[in-house]
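Okay, structure first, notes after.
Given the structure is predicted, the values throughout are model-derived calculations rather than measurements.
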Amino acid sequence: MTLLHLHLLSDSTGETLEMITNAALAQFDDAEVIRHFWPMVRSMQHLDRIVEELSTHPGLVLYTLVNDDTRRRLEERCRALGLPHVAPLDTVTAALEDRLGEEAKGRPGRQHMMDDAYFARVDAIQFTIAHDDGIAAEDWEQADIVLAGVSRSSKTPTSIYLANRGFKVANIPLVVESPPPASLFQLQHPMVVGLTTAPRRLVEIRRNRLLSLNEKTETAYVDEERVEREVAFARRMFADNGWPVIDVTRRSIEETAAAVIKLFNERRARAGMAGAGTKPI
């Protein structure tokens with residue numbers, strides 16, 4: 001197995017570069033990679049200290065640096081050391097410049113500027129955290145999206161992911177013995193989405209959860225017949241109310257969130273609402 005030292009340099013938080021890298025590395029099952037992460041590289045002095053590490057641990061260099069001087073210095077040092085270096089956003093930026101007929105602004109961390117969209121995202125995260133697991137039903141009408149499903153159907157992590165995309169989300173557990181408040185069925189503004197999963201898979205997830213908490217695994221919570229009734233109860237509720245349903249059995253959180261956003265945008269488009277589309281990050 002080949003060992004690769006992977007150096008990630010960014011003049012901002014490095015979040016975008018990490019996402020690109022993770023997506024690419026996912027295509028290699030047996031890759032042994034040691035990452036060296038260098039965010040907020042905004043001075044020559046900082047860059048020179050990093051170059052020392054590049055020479056000590058040579059490997060592949062990926063970078064998102066918009067300052068011409070810093071970028072040029074890095075590229076010169078990489079060439080001198082014989083290191084491959086790639087700026088993964090260059091092709092996309094060049095294509096956008098060509099089609100839009102203007103040059104990119106070249107400001108470090110521009111996507112993280114504290115503009116209206118940034119504060120809207122902060123509000124969405126705060127709202128979502130405050131309305132987890134059926135809390136504050138009186139505010140559900142203010143949500144963009146309401147996720148409903150039985151316990152351990154990935155409601156909370158999906159809600160948090162959507163909140164980071166700028167959506168205000170409430171999530172509601174569906175329990176056979178304790179039906180949700182009547183206000184859930186009267187919501188007008190938010191889109192209610194049902195999350196469902198295969199009962200057998202749900203039992204496995206619940207068992208693992210109980211094991212992680214050092215609790216007994218032989219309870220009604222993981223009884224297959226009872227879980228099947230729970231899932232059937234939830235699906236019947238979804239059908240009775242005409243809510244769209246997403247089966248999360250074989251979906252990652254990101255895939256579930258993408259499906260929710262697609263439903264949300266389609267709903268906005270049908271309603272003729274302005275600004276349909278994924279909210280800004």
Side-chain angles (χ1 to χ4, degrees), residues 116-197 201-202 205-206 209 221 227 230-249 251-281:
D116 290 344
Y118 174 87
F119 288 109
R121 184 164 60 138
V122 171
D123 286 343
I125 293 170
Q126 290 176 336
F127 180 93
T128 301
I129 291 173
H131 296 82
D132 182 41
D133 204 31
I135 297 174
E138 65 276 9
D139 298 331
W140 290 349
E141 188 63 37
Q142 300 173 30
D144 297 311
I145 298 165
V146 173
L147 300 181
V150 299
S151 174
R152 313 312 299 175
S153 56
S154 75
K155 297 184 301 298
T156 295
T158 304
S159 296
I160 297 299
Y161 188 94
L162 288 167
N164 276 281
R165 298 292 299 270
F167 297 93
K168 291 183 177 180
V169 186
N171 75 76
I172 302 159
L174 299 181
V175 182
V176 177
E177 297 81 7
S178 179
S183 58
L184 171 63
F185 310 104
Q186 300 166 2
L187 296 175
Q188 298 297 317
H189 171 69
M191 177 183 71
V192 182
V193 178
L195 300 184
T196 189
T197 187
R201 174 60 176 156
L202 186 56
I205 293 172
R206 290 184 177 184
R209 175 62 174 167
Y221 186 62
V227 171
E230 280 186 67
V231 173
F233 167 76
R235 287 176 173 165
R236 189 162 54 250
M237 183 181 296
F238 302 154
D240 289 346
N241 290 277
W243 297 334
V245 180
I246 297 174
D247 189 330
V248 303
T249 306
R251 293 179 192 261
S252 66
I253 299 303
E254 294 83 357
E255 289 170 331
T256 300
V260 173
I261 293 171
K262 182 174 183 292
L263 289 170
F264 183 86
N265 288 337
E266 289 173 351
R267 180 177 186 253
R268 287 172 65 95
R270 285 196 302 272
M273 298 173 68
T278 302
K279 294 196 175 185
I281 302 176

Please work out which of the three classes, parallel, tilted or perpendicular, describes the rings of F185 and W243, given edges at 30° and 60°. parallel

Would you name the heavy atoms of S151 and Y221 that are closest together and state the gap between them? OG-OH, 2.7 Å

Assess the side chains of T256 and R251: does a donor N or O sit below 3.5 Å from an acceptor N or O? no

Which pair of non-hydrogen atoms, one from S154 and one from I253, has the smallest distance, and what is that distance? CB-CD1, 3.7 Å

In Å, rounded to the nearest 0.5 Å, how long is the span from NZ of K168 to CD of Q126? 9.5 Å

K155 side-chain N/O to V150 backbone N/O, donor-acceptor pair under 3.5 Å: yes

When rounded to the nearest 0.5 angstrom, what distance separates CG in N171 from CG in L195? 9.0 Å

Where I145 and F264 come nearest, the two heavy atoms and their spacing: CG1-CD1, 3.8 Å

Heavy atoms of S153 and V248 approach each other most closely as O-CG2, 3.8 Å

Determine the sole option in V146, I135, V192 for which the side-chain contact (heavy atoms from CB on, under 4.5 Å) test with I172 is passed. V146

Closest non-hydrogen atom pair, A170 against F127: N-CE2, 4.4 Å

Interatomic distance, CD1@I246 vs CG@L147, rounded to 0.5 Å, equals 8.0 Å

Hey, could you give me the CZ/CD distance between R270 and E266, rounded to the nearest 0.5 Å? 6.5 Å

Are any non-hydrogen side-chain atoms of V260 and Y161 less than 4.5 angstrom apart? no

May I ask you to decide if S252's main-chain N or O and E255's side chain share a donor-acceptor pair within less than 3.5 Å? yes

State whether the side chain of E141 and the backbone N or O of Q188 hold a donor-acceptor pair below 3.5 Å, judged by distance alone. yes

In sequence, state the C-alpha distance, the side-chain angles, and the governing distance for I160 and I129, and then conclude on side-chain contact (heavy atoms from CB on, under 4.5 Å). CA-CA 8 Å; I160 297 299; I129 291 173; 4.1 Å; yes

So which heavy atom on P181 is nearest to which on A137, and how close? CG-CB, 4.1 Å

Looking at D132 and T128, would you say the former's side chain and the latter's main chain have a donor-acceptor pair under 3.5 Å? no

Are any of the side-chain heavy atoms of I205 and R201 separated by less than 4.5 Å? yes

Roughly how far apart are L263 CG and M191 CE, rounded to 0.5 Å? 5.0 Å

Consider salt bridge (charged side-chain N to carboxylate O under 4.0 Å, His left out). Of R206, R152, R235, which one does E230 pass it with? R206

Find out whether V169 and D144 are in side-chain contact, i.e. whether some heavy atom of one side chain is under 4.5 Å from a heavy atom of the other. no

